[in-house]
Amino acid sequence: MFELIVALSICILWGLILVRTTLGLPTIRDVPSKLPLPVKPPLVSVVIAAKEEQENIQETIRHLLRQSYPRLEIIAVNDRSSDATGARMESLKAWSDKRPEQGPALRVIHVTQLPQGWLGKNHALYQGYLQSRGSFILFTDADVRFEPDAIRDTVAYALQQGADHVTLLPKLEAKSFWLKAFVHYFLFSLCLLVPPWKGNQDGQRKYGIGVGAFNLLRREAYEGIGTHKAFSMRPDDDLRLGMLIKRGGWKQRVLAGVKRIAVEWYPTLSDAVRGLEKNIYSGFGYRLPLALAAMLGQLVGFGLPLTAPFWSRGPALALFLLADVFLVVAYLRHVRRFNDERGEEAIALPISVYMLVWVLARSVSLAHARKGVYWRGTFYSLEELRRMFQ
């Protein structure tokens with residue numbers, strides 16, 4: 001009887017999630033093409049922070065230099081890199097300086113020290129803002145690939161909508177089947193926790209979202225939320241920015257950017273595991289009870305129905321299988337909407353669930369064993385990180 005009650009509860013839960021997904025996803029539009037711009041469009045300052053990004057930074061800046069938007073400045077911040085990142089930025093600057101009439105201006109800032117109370121990326125983006133002049137600021141990452149009209153069409157949309165913040169959900173590129181399965185499942189779980197379509201609902205201030213690959217803000221909105229100073233020690237800076245925008249009553253728009261920007265989030269599955277070890281725990285404010293509850297929720301809400309055919313029988317199995325149908329359909333709708341892919345990696349969902357639980361458990365155990373987190377070469381204690389979540 002207990003098994004039947006659990007199966008019925010999980011089936012109802014996934015039915016409700018599927019209904020919510022079905023209603024929410026269509027409200028996230030693609031970026032409209034060729035909306036008109038004013039005769040004198042606003043200056044947009046693109047701020048890009050990079051640390052040890054010698055493999056990506058040149059291609060990303062070249063994509064930005066080829067943007068069709070007519071009033072653009074690019075501020076590239078080298079955040080204490082020990083590789084050739086800074087040299088490659090300077091090389092591109094020297095090249096762009098020779099063709100001032102053929103593209104946007106490129107400036108390079110070299111950060112050599114990290115002040116107390118800052119995470120490196122947040123500090124680097126803030127330094128870029130201090131040097132910016134635009135009435136719009138676009139914060140982006142060092143590994144993003146932009147289509148030529150990406151900024152132009154997004155700014156035109158922001159002006160048409162009167163939006164203070166527009167964030168794009170990028171196409172996530174993954175080279176291997178298992179990397180794709182893990183990354184897509186992780187983001188699916190994140191979207192269930194922080195529904196991206198909520199950012200488009202002007203009447204609510206509880207949920208907001210920002211994506212590090214593309215956060216376009218009016219200058220007054222960014223300054224109104226306190227700039228990066230307001231979340232200087234938050235590893236989830238992009239999400240926090242989006243939350244503060246909504247809580248401050250600014251107008252936010254979330255768009256599907258699958259046809260505009262692309263990101264290879266991690267090159268390999270092992271890189272994804274190592275990368276998430278430092279920041280996945282931050283999603284729970286570095287609070288152990290919350291992280292343990294999340295692991296239990298994954299095992300019960302996702303793991304139980306997906307593994308039910310191996311151990312369940314009778315009416316309970318039928319309910320678990322129906323829950324599986326709801327789960328898989330919701331997953332496929334997310335993947336096809338946000339990444340424009342078929343989602344054949346859904347066959348690996350049971351393994352993806354346990355892989356995510358293991359990654360979270362690993363992140364938690366490492367943080368507590370070390371009594372802190374290493375972030376881009378700097379150690380931060382759990383005590384100081386937790387203070388930012390109070």
S.K.: Which residue pairs pass the salt bridge (charged side-chain N to carboxylate O under 4.0 Å, His left out) test with at least one member in residues 105-116, sequence neighbours excluded?
M.R.: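 Salt bridge (charged side-chain N to carboxylate O under 4.0 Å, His left out) check on residues 105-116 returns Glu73-Arg107.
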S.K.: Glu52 and Ser82: side-chain donor and acceptor closer than 3.5 Å?
M.R.: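 Looking only at side-chain atoms, Ser82 and Glu52 do form a donor-acceptor pair, the distance falling under 3.5 Å.
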S.K.: Could I get the full list of side chain to side chain contact (heavy atoms under 4.5 Å, CB included) partners for Arg336, not counting sequence neighbours?
M.R.: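 In terms of side chain to side chain contact (heavy atoms under 4.5 Å, CB included), with neighbours along the sequence ignored, Arg336 is linked to Leu332.
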S.K.: Indicate, with yes or no, if Val6 and Met295 share a hydrophobic cluster defined by side-chain heavy-atom contacts under 4.5 Å among Ile, Leu, Val, Met, Phe, Trp and Tyr.
M.R.: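 Met295 clusters together with Val6.
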S.K.: As a quick check of understanding, evaluate ring-ring contact (aromatic ring centres under 6.0 Å, His included) for Trp311 and Phe320, giving each step before the final call.
M.R.: CA-CA 11 Å; Trp311 54 269; Phe320 279 131; 5.4 Å; yes
S.K.: Within this structure, what is the NE2-CD distance for the pair His123 and Gln113, rounded to the nearest 0.5 Å?
M.R.: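 Reported value, rounded in 0.5 Å steps: 9.5 Å.
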S.K.: Enumerate the residue pairs fulfilling ring-ring contact (aromatic ring centres under 6.0 Å, His included) with a member in residues 145-171, sequence neighbours excluded, ordered by first and then second residue.
M.R.: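 Pairs touching residues 145-171 that pass the test: none.
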S.K.: Under 4.0 Å between a side-chain nitrogen and a carboxylate oxygen: does that hold for Asp340 and Lys259?
M.R.: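 Answer for the salt bridge query: no.
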S.K.: Salt bridge check: are Glu264 and Lys175 linked by an N-O gap of less than 4.0 Å?
M.R.: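 Yes.
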S.K.: Under the salt bridge (Lys or Arg N to Asp or Glu O under 4.0 Å) rule, collect the residues that match up with Arg333, sequence neighbours excluded.
M.R.: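 Arg333 satisfies salt bridge (Lys or Arg N to Asp or Glu O under 4.0 Å) with no residue once adjacent residues are dropped.
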S.K.: Could you identify which residues cluster with Ile12, counting Ile, Leu, Val, Met, Phe, Trp and Tyr as linked when any side-chain heavy atoms lie under 4.5 Å apart, either directly or through a chain of such contacts?
M.R.: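 Once heavy-atom contacts under 4.5 Å are chained together, Ile12 belongs with Leu4, Leu8, Leu16, Leu319.
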S.K.: With sequence neighbours excluded, what pairs up with Arg313 under the salt bridge (Lys or Arg N to Asp or Glu O under 4.0 Å) test?
M.R.: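 Testing Arg313 for salt bridge (Lys or Arg N to Asp or Glu O under 4.0 Å), a comparison that skips the adjacent residues, returns none.
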S.K.: Side-chain heavy atoms under 4.5 Å apart, restricted to Ile/Leu/Val/Met/Phe/Trp/Tyr: what other residues fall into the cluster of Met1, or is it alone?
M.R.: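 Met1 clusters with Ile5.
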S.K.: Can you list the residues that meet the salt bridge (Lys or Arg N to Asp or Glu O under 4.0 Å) rule with Arg219, with sequence neighbours excluded?
M.R.: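 Arg219: salt bridge (Lys or Arg N to Asp or Glu O under 4.0 Å) contacts with Glu223.
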S.K.: Do Gln54 and Ser81 have side-chain atoms, one donor and one acceptor, less than 3.5 Å apart?
M.R.: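 Looking only at side-chain atoms, Ser81 and Gln54 do not form any donor-acceptor pair under 3.5 Å.
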S.K.: Tell me which pairs pass ring-ring contact (aromatic ring centres under 6.0 Å, His included) where either residue lies in residues 5-45, with sequence neighbours left out.
M.R.: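 For residues 5-45: Trp14-Phe302.
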S.K.: Please tabulate, for side-chain N and O atoms in residues 33-41, each donor-acceptor pair with protein atoms closer than 3.5 Å (sequence neighbours left out).
M.R.:
{"residue": "Ser33", "atom": "OG", "partner": "Arg260", "partner atom": "NH2", "Å": "2.8"}
{"residue": "Lys34", "atom": "NZ", "partner": "Asp149", "partner atom": "OD2", "Å": "3.1"}

S.K.: How many angstroms lie between CZ in Phe326 and OG1 in Thr22, if you round to the nearest 0.5 Å?
M.R.: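 Answer rounded to 0.5 Å: 10.0 Å.
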S.K.: Go through the structure and list residues passing salt bridge (Lys or Arg N to Asp or Glu O under 4.0 Å) with Arg29, not counting sequence neighbours.
M.R.: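 With neighbours one apart ignored, the set is empty.
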S.K.: For Arg234, run the salt bridge (charged side-chain N to carboxylate O under 4.0 Å, His left out) check against Asp238, Asp236, Asp237 and tell me which one passes.
M.R.: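 Only match with Arg234 under salt bridge (charged side-chain N to carboxylate O under 4.0 Å, His left out): Asp236.
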S.K.: For Asn279, what residues pass the side chain to side chain donor-acceptor pair (under 3.5 Å) criterion, not counting sequence neighbours?
M.R.: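 Once residues adjacent in sequence are excluded, Asn279 has no partner under the side chain to side chain donor-acceptor pair (under 3.5 Å) criterion.
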S.K.: Hey, can you tell me if His334 and Trp197 have their rings parallel, tilted or perpendicular (30° and 60° cut-offs)?
M.R.: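 The arrangement is tilted - the two ring planes meet at 30° to 60°.
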S.K.: Side-chain contact test, heavy atoms from C-beta onward, threshold under 4.5 Å: evaluate it for Tyr69 versus Pro42 and give yes or no.
M.R.: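 The answer is yes, as the side chains (C-beta and beyond) meet within the 4.5 Å cut-off.
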S.K.: Are side-chain N/O atoms of Tyr331 and Glu345 paired as donor and acceptor at under 3.5 Å?
M.R.: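 There is such a pair (donor and acceptor under 3.5 Å, judged by atom type) between the side chains of Tyr331 and Glu345.
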